[in-house]
Amino acid sequence: MYRVSDVMTRQVIYLSAETPLDEAARVMKESDIGDVVVTDGATLAGMLTDRDIVVRAVAERADPGTTTIGSIITREVVMIEQHCTANEAAALMRERNIRRVLVCDSDRKLVGIVSLGDLAMQLDPRSALSDISEAAPNV
């Protein structure tokens with residue numbers, strides 16, 4: 001049985017809430033990731049996803065050079081403990097209708113991120129989602 005720690009992405013990129021949107025998009029492209037954790041000083045402020053950029057900025061015609069990521073982030077973050085099972089993570093995503101969950105240790109320290117694609121690759125390697133996640137191009 002897979003644990004969240006077995007399937008999560010350990011590389012977490014942090015950006016300040018004051019980061020301009022275009023800079024955040026560049027970081028995401030260069031790191032080949034679809035999300036970053038957003039901080040306000042030493043405090044976790046939320047998460048920015050590629051979908052947030054499209055729905056809350058591009059679709060609203062926000063200026064990517066002057067719009068800060070703090071103004072469009074998802075502030076309600078969902079966390080799961082790294083020793084939970086991959087099935088528990090999938091159930092949490094289904095229940096909350098989300099695609100990514102922050103992963104913490106027993107002290108609630110952030111240690112990774114698990115995505116729907118990460119779970120699909122482990123739980124059902126033959127699924128279409130797994131094929132897409134595994135074959136995602138480095139753009």
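For the single chain, residues carry numbers from 1 onward in sequence order.
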Ignoring hydrogens and angles, write down the donor-acceptor pairs under 3.5 Å from the side chains of residues 14-23, residues two or more places apart or on other chains.
from  : atom 1 : to    : atom 2 : distance (Å)
Ser16 : OG     : Glu18 : N      : 3.1
Thr19 : OG1    : Ser16 : N      : 3.4
Thr19 : OG1    : Ser16 : O      : 2.7

**Request:** Determine whether Val77 and Leu92 fall in the same hydrophobic cluster, where Ile, Leu, Val, Met, Phe, Trp and Tyr are linked whenever their side-chain heavy atoms lie under 4.5 Å apart.
**Result:** no
**Gap between atom CG of Asp118 and atom CE of Met8 - 0.5 Å precision** = 10.0 Å
**Prompt:** Would you find more than 12 non-hydrogen atoms of other residues, nucleotides or ligands less than 6.0 Å from Arg99 atom CZ?
**Reply:** no
**Asked** side-chain hydrogen bond (donor to acceptor under 3.5 Å, both in side chains): which pairs involve residues 77-94, sequence neighbours left out?
**Response** Thr85-Glu88
**Item:** Leu119 reachable from Ile98 in the ILVMFWY side-chain graph, under 4.5 Å edges
**Value:** yes
**Asked** How would you list, by chain and number, every residue that makes a side chain to side chain donor-acceptor pair (under 3.5 Å) with Ser71, sequence neighbours excluded?
**Response** none
**Cluster check Leu102, Val4: I/L/V/M/F/W/Y, side chain < 4.5 angstrom** = no
**Asked** Who passes salt bridge (Lys or Arg N to Asp or Glu O under 4.0 Å) against Glu76, sequence neighbours left out?
**Response** Arg96
Show me the side-chain donor-acceptor pairs of residues 44-52 shorter than 3.5 Å, one per line, residues at least two apart or across chains.
from  : atom 1 : to    : atom 2 : distance (Å)
Thr49 : OG1    : Arg51 : N      : 3.4
Thr49 : OG1    : Asp52 : N      : 3.0
Thr49 : OG1    : Asp52 : OD2    : 3.2
Asp52 : OD1    : Arg56 : NH1    : 3.4
Asp52 : OD1    : Thr74 : OG1    : 3.2
Asp52 : OD2    : Thr49 : N      : 2.9
Asp52 : OD2    : Thr74 : OG1    : 3.3

**Prompt:** Between Val114 and Val7, is a side-chain contact (heavy atoms from CB on, under 4.5 Å) present by the stated rule, with each step listed?
**Reply:** CA-CA 7 Å; Val114 65; Val7 299; 3.8 Å; yes
Acceptor/donor pairs from residues 104-113 side chains to any protein atom, 3.5 angstrom cut, sequence neighbours excluded:
from   : atom 1 : to     : atom 2 : distance (Å)
Asp105 : OD1    : Asp107 : N      : 2.9
Asp105 : OD1    : Arg108 : N      : 3.2
Asp105 : OD1    : Lys109 : N      : 2.9

**Message:** Checking Val58 now: which residues fulfil side-chain contact (heavy atoms from CB on, under 4.5 Å) with it, not counting sequence neighbours?
**Reply:** Ile53
**Message:** Could you work out, with side chain to side chain donor-acceptor pair (under 3.5 Å) as the rule, every residue matching Ser5, not counting sequence neighbours?
**Reply:** none
**Request:** Determine whether Met79 and Val103 make a side-chain contact, defined as any pair of heavy atoms from C-beta on separated by less than 4.5 Å.
**Result:** no
**Request:** Among residues two or more places apart or on two chains, list those pairs meeting side-chain hydrogen bond (donor to acceptor under 3.5 Å, both in side chains) that have a residue in residues 35-46.
**Result:** Asp35-Arg100
**Request:** Would you kindly confirm whether Val12 and Ile33 end up in one hydrophobic cluster when ILVMFWY residues are joined by side chain heavy atoms under 4.5 Å apart?
**Result:** no
